[in-house]
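When reading the values below, keep in mind they use all heavy atoms of this one structure, side chains included, and skip hydrogens, waters and symmetry mates.
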Amino acid sequence: AMHTSTPLLLLDCNNLCHRAYHAMKAMRFNYQGNKTSVIYGFFKSMIHLCKEHHSDRVCFFFDSKTSKRGKVYSKYKQNRKKSFQELSLKEQKDAIEMRQVIKRLPNQLREIGFRNVFCKKGYEADDLIAQTCAFYFAEKKLVVSNDKDLLQLLAPNTCVVNPHKHSLITEKMFRDEYGVDPFNWPDIKAMMGDSSDNVKGIYGIGLVRAVKLFKGQGTEKDKEKLLEGQKMVDRNHKLFKLPYEGCPRITIQKDNVSV
């Protein structure tokens with residue numbers, strides 16, 4: 001692996017585009033009939049990150065349209081389809097526009113000369129980011145996303161940047177806050193479930209009780225609940241653990257661009 005003190009910036013592009021979309025709502029940029037506010041917001045974010053972290057080594061990761069997780073658990077993220085139906089017509093139009101922006105972005109990035117633009121059928125950006133972290137473990141890395149699932153990747157040389165809050169989360173900060181190691185985050189989440197992904201957890205078990213259970217300190221009643229729900233917890237663990245099984249390896253190349 002290439003070894004330099006300049007960090008690799010690993011961008012969760014779907015997450016950043018959604019953020020840009022909400023941040024730029026008031027600004028309606030047009031270019032030749034195309035609405036460009038999301039793209040503008042995305043690049044503005046990226047350039048800010050490059051400057052702030054003194055790095056021009058950027059990797060871009062996109063979600064695949066299909067998800068292998070849906071095969072393990074058919075209800076996975078099904079709630080998102082429902083919430084689309086509940087949007088007003090204008091919001092639906094915006095959401096469709098947003099999808100088109102994201103669809104075009106990988107090729108636009110490649111045209112600029114970025115060579116590390118990744119999307120793999122059946123996998124999410126988080127999987128590809130996790131695979132990159134595993135393969136380039138000796139490198140200094142900054143994962144850019146506010147997706148909490150990615151906190152499991154925190155390590156001595158891997159931090160997570162929340163682009164909304166411009167905050168940097170380190171392995172130590174995670175340990176201090178939750179009292180467990182970052183790589184145990186899927187164990188905790190498997191018990192809690194995640195309503196945003198439509199994944200049920202053990203009824204009544206939130207973060208505090210899940211951490212206690214994980215450390216073997218839960219109440220007898222909670223331990224019983226865990227035993228009863230063990231099958232579901234095992235399935236959830238499979239969904240939350242990054243990268244999802246079978247994820248292809250990622251090879252980083254030198255860019256053909258100057259940021």
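F174 meets the ring pair (Phe, Tyr, Trp, His ring centres under 6.0 Å) test with Y178, W185; sequence neighbours excluded. Under the side chain to side chain contact (heavy atoms under 4.5 Å, CB included) criterion, S74 pairs with no residue, sequence neighbours left out. Listed by chain and residue number, K35 satisfy the side chain to side chain contact (heavy atoms under 4.5 Å, CB included) test with K93 (two or more places apart in sequence, or in another chain). Shown here are the salt bridge (Lys or Arg N to Asp or Glu O under 4.0 Å) partners of R110, two or more places apart in sequence or in another chain: there are none. Applying the side chain to side chain contact (heavy atoms under 4.5 Å, CB included) test to K65 and every residue at least two apart in sequence or in another chain returns nothing. For D181, the salt bridge (Lys or Arg N to Asp or Glu O under 4.0 Å) partners are R175, not counting sequence neighbours. By the ring pair (Phe, Tyr, Trp, His ring centres under 6.0 Å) test, F42 is found to be paired with no residue, residues two or more places apart in sequence or in another chain being considered.
L49 has its side chain out of reach of P163: every pair of non-hydrogen atoms, C-beta onward, lies at least 4.5 Å apart. Using a 4.5 Å heavy-atom threshold, the side chains of R99 and I102 count as separate. Proximity of F60 to L105: side-chain heavy atoms (C-beta onward) are nowhere separated by under 4.5 Å.
Among pairs with a residue in residues 42-52, those fulfilling side chain to side chain donor-acceptor pair (under 3.5 Å) read R19-S45, H48-E52, at least two apart in sequence or across chains. Evaluation of the side chain to side chain donor-acceptor pair (under 3.5 Å) test over residues 218-229, restricted to residues two or more places apart or in two chains, returns R209-D222. Sorted by first then second residue, the side chain to side chain donor-acceptor pair (under 3.5 Å) pairs that include residues 116-130, not counting sequence neighbours, are R69-D127, Y76-E124, K77-E124.
When atom types are taken as modelled, the side chain of D12 and the backbone of A125 share no donor-acceptor pair closer than 3.5 angstrom.
Linking Ile, Leu, Val, Met, Phe, Trp and Tyr whenever their side-chain heavy atoms come within less than 4.5 Å leaves F183 and V211 in two separate clusters. Side-chain heavy atoms closer than 4.5 Å link hydrophobic residues (I, L, V, M, F, W, Y) into clusters, and following such links, even through other members, never connects F137 to L8.
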task: Go through the steps to decide whether L142 and C159 satisfy the test side chain to side chain contact (heavy atoms under 4.5 Å, CB included), and finish with yes or no.
output: CA-CA 5 Å; L142 291 170; C159 296; 3.7 Å; yes
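At a cut-off of 3.5 Å, with distance as the only test, no side-chain donor of N107 or E111 sits close to an acceptor on the other residue.
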Can you list, pair by pair, the side-chain donor-acceptor contacts under 3.5 Å of residues 236-251, counting residues two or more places apart and other chains?
| from | atom 1 | to | atom 2 | distance (Å) |
| --- | --- | --- | --- | --- |
| N236 | ND2 | A190 | O | 3.0 |
| N236 | ND2 | K200 | O | 2.9 |
| H237 | NE2 | D187 | OD1 | 3.3 |

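Here L87 sits in one hydrophobic cluster together with F84, I96; the rule is ILVMFWY side chains under 4.5 Å apart, joined directly or through other members.
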